[in-house]
There are 2 protein chains.
Amino acid sequence: MTETAPRPTLEAVAARAGVSRATVSRVVNGGEGVREPLVERVLRAVEELGYVPNQAARSLVTKRHDAVAVVIAEPETRVFADPFFALQLRGISKELTAHDSQLVLLLTEGRADHARVGRYLAGGHVDGALVFSLHLDDPLPELVQRAGVPTVFGGRPDWGEGNRSVYVDSDNRGGAREAVRYLVGLGRRRVGHITGALDQTSAVDRLDGFRDVMVDADPRLIAEGDFTPAGGERAMRLLLERCPDLDAVFAANDLAASGALRVLRAQGRRVPEDVAVVGFDDMLPVAEQTDPPLTTIRQDIEEMGRLMARLLLRALDRRGTSLDDGPGADDGPSGVVLPTTLVRRASA
Amino acid sequence: MTETAPRPTLEAVAARAGVSRATVSRVVNGGEGVREPLVERVLRAVEELGYVPNQAARSLVTKRHDAVAVVIAEPETRVFADPFFALQLRGISKELTAHDSQLVLLLTEGRADHARVGRYLAGGHVDGALVFSLHLDDPLPELVQRAGVPTVFGGRPDWGEGNRSVYVDSDNRGGAREAVRYLVGLGRRRVGHITGALDQTSAVDRLDGFRDVMVDADPRLIAEGDFTPAGGERAMRLLLERCPDLDAVFAANDLAASGALRVLRAQGRRVPEDVAVVGFDDMLPVAEQTDPPLTTIRQDIEEMGRLMARLLLRALDRRGTSLDDGPGADDGPSGVVLPTTLVRRASA
DNA sequence: GTGAAAGCGCTAACAA
DNA sequence: TTGTTAGCGCTTTCAC
């Protein structure tokens, strides 16, 4: 590997520049209130010695870490099947970078890891946390709450209205409504729905959106899926069997829609002539590659990540300056919902 | 958000347990050489107070961080288009977790970020780094080297044999050979190749593997792609145009193969009867969903991540105990190459 | 086996 | 403006 050269300390820089440690510290942290010639000298010494501040020492006194934890639960699930996760991370990373914060990734799979995450969060390693809690009965939100770390959730946590935890979500319900309305506007009357995994709020919300429009839909027009292509296939077959006269399908995500498309083709139904199909996500590698390309509801995943990070960082900054930083002290919205847009391609 | 309760310190635990700080420290770090009754008392106090050690303070004295940086360059590229990246991270995360190490993720996109990464690595925040350097002229390896942090690379870096940097890679060349041999074994004589992005070692290695078998292949049977479905389509069209008599194609990855499949279907060639197709990766959401399902070369991405982490951690552990931890001190292999396997499905 | 004390590298009062 | 000083919370000799 490589050798570990002992890094120079503040002390060394101070000696070299012929000033005190305090002055070096000031310069390194912005140079406020230090006269120009000294600043120069210090900067030169820093340069020559290749000095980089020791973050551990700094954190010890400032209690800041310039780091944020990103907790992603159960990577077994669909999070890993599509680029969702990666895009989200990219958005978060960009925002954190711009704020000079580091991203500490905590992947969990199961109860054992929960304890570890709790300990880590409580251990004061990070200034805040971004938590993706996809499942309805996830213990993570509760746990994070207890750790006492400022947190923003990705996706609406499954909590009553009483809890004012901050979260960012897509307008799943509104998007679903738009999808179904679009199908209805196309003249379709027998619109089916392939749900997502119903233990996730996003799937529940999309189902609700479907119901908002198809007010008293034939219950046989709703088939449960799980956000996977295989689940989409199964659900599509069921739908076709129960309602052969079906003329449109709204699938809870693009992956499921791709499965549905395959079944429709196999059974000789033309898309969109016989059955129109709309997905959700606008996951490019999926939506653009299906045959026919998928009409779908687009959500801006990367922006979601960005926004989560921004919200957290803002809260952390406030904390530093203002006094009323108690829970729910600010009267802003506790949930931010991002709009979705319909993307027309060939499937509907 | 949430309030920041002041966390109890070692001092507090010591007071509560009626012992010295030193004793608490010993217990917290394994309890060696502390008599049983005291251990009990301390543990109880820790429990009651909910004490969690402050990592910053600990790092300050131990110079260990129990954290490893994962550097991923240019997330714009295909890394984000397929679950590659996520799987790799999962493998890494599992191994690090088992070793009580944290994963600090550094995503970079461009030169500006390089400087930041360099600074971070040099700043001594982490014990080591796992670096994915996909591109041939990537400045990252060089930079990391200079930062003086123990590093394991993901994918063979583009370096001469002189450099003994540690890396983990799939047997791209061997896998490609196996794919092409399989096609030849099927009786195919006009085997084409759709390359990956040739600025990545993996693409180059796969092309080399292809050439190993098709020793003096008609150069027109090789078309440059870029690991994307669109690139696969373009290359396939070109191939068909140049060599209408082609009877098999080896694509550098599954995504490209899926594009090729679409073009073949559109042009009325039956797969595998007229043209047999083999991919690379065995990216499940892709390979299983194509029509027909893809015969492909499987690489175990998650295991790659795991292995990278394991190699790094082992090196770090050695460093602590042994004396000869200089660069290249051990005579073990500097590159570990994981085997690939052929997965037969319907496309060949 | 246990405690006292020094100090890791830095920031933040406070003095000068 | 600059320097002096006192810790931040922990580990680690070194005595006892």
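Below, read A as the first sequence line, B as the second, and so on, with proteins coming before strands; counting in each chain starts at 1. FYI, side chains are in, hydrogens and waters are out, and symmetry mates aren't considered; it's all heavy atoms of this structure.
One finds a salt bridge joining D66(B) and R64(B) here, because a Lys/Arg side-chain nitrogen approaches an Asp/Glu carboxylate oxygen to under 4.0 Å.
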Between N or O atoms, less than 3.5 Å apart, protein on one side and nucleotides 8-12 of chain C on the other: list the pairs.
unit_1  : atom_1 : unit_2 : atom_2 : d
dC8(C)  : O3'    : K63(B) : NZ     : 3.4
dG9(C)  : N2     : A57(A) : O      : 3.3
dC10(C) : OP1    : Y51(A) : OH     : 2.4
dC10(C) : OP1    : N54(A) : N      : 3.2
dC10(C) : OP2    : L10(A) : N      : 2.3
dC10(C) : N4     : R21(A) : NH2    : 2.3
dT11(C) : OP1    : N29(A) : OD1    : 3.4
dT11(C) : OP1    : N29(A) : ND2    : 3.1
dT11(C) : OP1    : R58(A) : NE     : 2.8
dT11(C) : OP1    : R58(A) : NH2    : 3.2
dT11(C) : OP2    : S25(A) : OG     : 2.6
dT11(C) : O4     : R21(A) : NH2    : 3.3

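The shortest heavy-atom contact between L10(A) and R21(A) is CD1-O, 3.8 Å. Across every non-hydrogen atom of Q102(A) and L96(A), the tightest pair is O-CD1, 4.0 Å. Taking every heavy atom of both residues into account, V24(A) and A14(A) meet most closely at CG2-CA, 3.6 Å. When all heavy atoms are compared, the tightest approach of V39(A) to V34(A) is CG2-O, 3.5 Å.
You can see that DNA chain D meets the heavy atoms of chain B within a 4.0 Å-exclusive cut from dG9(D) to dT13(D), reading 5' to 3'.
Among pairs with a residue in residues 27-51 of chain B, those fulfilling salt bridge (charged side-chain N to carboxylate O under 4.0 Å, His left out) read R16(B)-E48(B), at least two apart in sequence or across chains.
L130(B) contributes atom CG, which lies 5.5 Å from atom CG of L312(B) (distance to the nearest 0.5 angstrom).
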